[in-house]
Amino acid sequence: MIGVADGVGSWWEGGIDPAAFARGLMFASRNSCTKLKREEELDPAKVLLDAWHKMKLSRLIGSSTACLVSLDPHKTELRAANIGDSGFLLLRRQAGSSSMV
């Protein structure tokens with residue numbers, strides 16, 4: 001699984017580092033991956049939800065966009081969870097061509 005988060009910059013106006021919440025969310029997501037991997041298949045939405053609950057308990061102030069993406073190792077399936085204006089782009093070669101689609 002890979003993830004990216006970007007803290008909401010307007011928190012600076014209140015003296016709060018917006019990057020702290022984004023880093024905390026990704027750290028909590030990593031810990032959620034470890035926990036959930038033992039219990040079931042990794043679902044980015046479940047990982048992100050679990051991480052958000054951990055962030056609420058941490059009482060760290062802030063907000064963030066986030067995007068988590070994973071490839072299922074047993075299926076040809078890409079899974080994603082997205083909050084806010086973060087996102088991803090899937091590029092692949094077109095069959096019989098060197099151009100990307």
Side-chain angles (χ1 to χ4, degrees):
M1 184 164 308
I2 189 167
V4 64
D6 185 23
V8 176
S10 60
W11 282 103
W12 276 117
E13 296 169 12
I16 297 166
D17 179 4
F21 188 89
R23 280 192 301 268
L25 183 62
M26 289 295 99
F27 182 77
S29 294
R30 182 183 67 183
N31 290 343
S32 294
C33 281
T34 302
K35 178 184 115 182
L36 293 172
K37 191 173 184 178
R38 284 183 244 130
E39 298 172 7
E40 57 191 87
E41 289 184 16
L42 282 179
D43 177 1
K46 288 181 182 178
V47 169
L48 198 51
L49 181 62
D50 189 62
W52 178 74
H53 284 296
K54 289 177 182 170
M55 291 302 294
K56 283 177 44 179
L57 294 174
S58 77
R59 300 192 186 268
L60 190 61
I61 297 172
S63 53
S64 177
T65 63
C67 183
L68 296 179
V69 179
S70 70
L71 292 171
D72 189 299
H74 307 290
K75 306 173 193 169
T76 53
E77 185 175 272
L78 180 126
R79 295 179 177 182
N82 190 64
I83 296 175
D85 60 0
S86 292
F88 65 95
L89 179 65
L90 180 63
L91 298 173
R92 60 183 174 176
R93 296 209 185 277
Q94 189 173 20
S97 172
S98 63
S99 61
M100 299 293 247
V101 184

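Here the closest heavy-atom approach between residue G7 and residue S64 is recorded as N-OG, 3.8 Å. Across M26 and G3, no two heavy atoms sit closer than the pair SD-C, 3.7 Å. For the pair L42 and M1, the tightest heavy-atom approach, listed with the atom from each and the gap, is CB-CE, 3.9 Å. F88 and A80 get closest at one heavy-atom pair: CE2-CB, 3.3 Å. Minimum interatomic distance between S29 and L68 (heavy atoms only, all atoms of both residues): OG-CD1, 4.1 Å.
Through direct or indirect side-chain contacts shorter than 4.5 Å among Ile, Leu, Val, Met, Phe, Trp and Tyr, F27 is connected to no other residue. In the hydrophobic clustering (ILVMFWY side chains linked at under 4.5 Å, chained through shared members), I16 is joined by V8, W11, I61.
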Donor-acceptor pairs are to be reported for all side-chain atoms of residues 47-59 against protein atoms at under 3.5 Å, with residues two or more places apart or in another chain.
| from | atom 1 | to | atom 2 | distance (Å) |
| --- | --- | --- | --- | --- |
| D50 | OD1 | K35 | NZ | 3.1 |
| D50 | OD2 | S32 | OG | 2.6 |
| D50 | OD2 | K54 | NZ | 3.3 |
| K54 | NZ | S32 | OG | 3.3 |
| S58 | OG | M55 | O | 2.7 |
| S58 | OG | L60 | N | 3.2 |

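The closest side-chain heavy-atom distance from L91 to L89 is below 4.5 Å.
Residues that satisfy the side chain to side chain donor-acceptor pair (under 3.5 Å) test with S86, not counting sequence neighbours, are T65. For E13, there are no side chain to side chain donor-acceptor pair (under 3.5 Å) partners at least two apart in sequence or on another chain.
Sequence neighbours left out, the pairs with a member in residues 18-27 that pass salt bridge (charged side-chain N to carboxylate O under 4.0 Å, His left out) are D17-R23.
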